[in-house]
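These figures come from a predicted structure and were not determined experimentally.
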Amino acid sequence: FVSSRTLTARNIRLPQFAACMQSTISKRLRGFDAPTVWSEFTPLSQQHKSVNLGQGFPDWGTPDFVKKALIEAITADCNQYSRSAGDLPLVQAIARHYGKLLNRTIDPLNEVTVSVGATEGIYAIMQAMINEGDEVVILEPSFDIYPATVQMAGGVCKYVPLELNPATSEWELSMTKLEASITSKTKIILLNTPHNPTGKVFKLSELQAIAAILSRHPQVTAVMDEVYEKLVYDGRTHIRLASLENMWDRTLTVSSCGKTFSCTGWKVGWVYGPEHLVKPVVLANQWIQYCVSSPTQRALAQILEVADQPFEGHPSYYHSICASYQRKRDQLAQSLRAAHIQPHVPEGGFFIMADTSLYAVPEKFILQPGPTGESPVTRDWGFARWLTVEEGITPIPPSAFYTPETRHLAANLARFVFCK
């Protein structure tokens, strides 16, 4: 029970509390207390008991061989601190795995390090490499952690939009615009392939063009977020920028176990590349994380070995999970078409961006204020509300992954996940 006097006193103090918070929070965190797209659509989905196709995590059980490996690691008492740069069996397994894929010998002690998921790996890279005012080039639409990690390092984001070609339904990157975004302050180009949320898988010709741009700007490092690397469809091949001529020494590649092995809560990721780029990340992570969970690292070392073996009638676990996701993608794409929503069928990952322009969005869903009080909201935001409330399906409005200047590019789009 709280008395009215207490409530009144607390209300009087609220502005003082807000002012105090603003005066104590660092500039690196300014704006982080603002509500996000998840703040609205997760509760809205729960309120209306909708099918939530917004959040990107699998809702089925983790594979038995993955769970078994963790149980074995715990019972074997791998429960104390591990090596800060990564448990030795795991970095060795990662070096072997990517050494085969890149056709090179990777030094597990100096060219691999382990992070608390890919997100923390990217955070550590920014902390290790970015000085105040340095610029990082990011493609739009972008995963929302990218600008946050840049901001916390004191950097500045420069955005280049992927552009949807209506004739081919493909997302294209203008190499002219990409190179024009690079200045003397540019330190990093951050790329994601397969790309979240568009599902674009960068072609060899595109990666070669990016490599040519990097060759003309020697101060720039490529950071490749490749967490969806095993989820590439229709016979496509995931090509790593680090595999191209002269690109190993210019590239840090980030990946993780969560998406591939349906264990997003494990939060084990890794960064690999040349020693001169990996070493600063190791130095930063000594003071950020010290080390990653020891039993999950030891388990993952075993999992990486098992995943290459035949699995449930497929040449490997990777073939199996890819085939499963492709079936789910095709099923959701078919359902969207039946609902007169045109999917831009993704080449990889587990998101579908779809064209909703055939639907008229009732005005009330657009005029209702957004999470930060703005009204009207963008059309895609209103559509996602309408679909949740009236039809029982929750997508995510892609404008959340754009800057205010380019949000209009998402007006007729919605993002749906098929990891369900």
When the aromatic ring centroids of Phe41 and Trp381 are compared, is their separation below 6.0 Å? yes

Ring centres under 6.0 Å, that's the criterion: do Phe311 and Phe65 meet it? yes

Is any side-chain heavy atom of Thr403 less than 4.5 Å from a side-chain heavy atom of Arg407? no

Could you check whether Lys230 makes a cation-pi contact with Tyr318, meaning its NZ or CZ is under 6.0 Å from the centre of the six-membered ring and within 45° of the ring axis? yes

Is the backbone N or O of Thr372 less than 3.5 Å from a side-chain atom of Glu374, with the two atoms forming a donor-acceptor pair by type? yes

Determine whether the aromatic ring centres of residues His238 and Tyr233 are separated by less than 6.0 angstrom. no

When you measure from the side chain of Ser181 to the backbone N and O of Leu178, does any donor-acceptor pair fall under 3.5 Å? yes

So, for Phe401 and Phe143, is the gap between ring centers shorter than 6.0 Å? no

Residues in salt bridge (Lys or Arg N to Asp or Glu O under 4.0 Å) contact with Glu111, at least two apart in sequence or another chain: none

Leu191 and Ile210: which non-hydrogen atoms are nearest, and at how many Å? CD1-CD1, 3.7 Å

Pair Thr193-Arg240, side-chain donor/acceptor within less than 3.5 Å: no

Please indicate whether Asp59 has more than 12 foreign heavy atoms, meaning atoms of other residues, nucleotides or ligands, lying under 6.0 Å from its CG. yes

Could you check whether Ser45 and Ser50, counting side-chain N and O atoms only, form a donor-acceptor pair closer than 3.5 Å? yes

Indicate the atoms forming the closest heavy-atom contact of Arg250 with Thr221, along with that distance. O-CG2, 3.5 Å

Do the ring centers of Tyr317 and Phe261 come within less than 6.0 Å of each other? yes

Asp64 atom CG, over 12 foreign heavy atoms within 6.0 Å: no

Considering only NZ, NE, NH1 and NH2 on the basic side and carboxylate oxygens on the acidic side, decide whether Arg96 and Asp308 come within less than 4.0 Å. no

Over all heavy atoms of both residues, which pair between Arg83 and Cys291 is shortest? Give the atoms and the distance, please. O-CB, 4.1 Å

Note: Arg385-Glu390 ion pair, threshold 4.0 Å (strictly below): no

Look only at the side chain of His195 and the backbone of Pro141, and say whether a donor-acceptor pair between them is shorter than 3.5 Å. yes

Can you give me the closest heavy-atom contact between Leu190 and Met126, atom names plus distance? CD2-CE, 4.0 Å

I need the Lys100 NZ to Thr105 OG1 distance, nearest 0.5 Å. 12.5 Å

Looking at Lys185 and Glu135, is any side-chain nitrogen of the basic one under 4.0 Å from a carboxylate oxygen of the acidic one? no

NZ of Lys279: more than 12 outside heavy atoms within 6.0 angstrom? no

Before we go on, tell me: are the rings of Phe57 and Trp266 under 6.0 Å apart, centre to centre? no

Is the Phe350-Tyr228 ring centre distance short of 6.0 angstrom? yes

For a quick test of reading the model, state the closest non-hydrogen atom pair linking Leu252 to Gly273 and the distance between them. CD2-CA, 4.4 Å

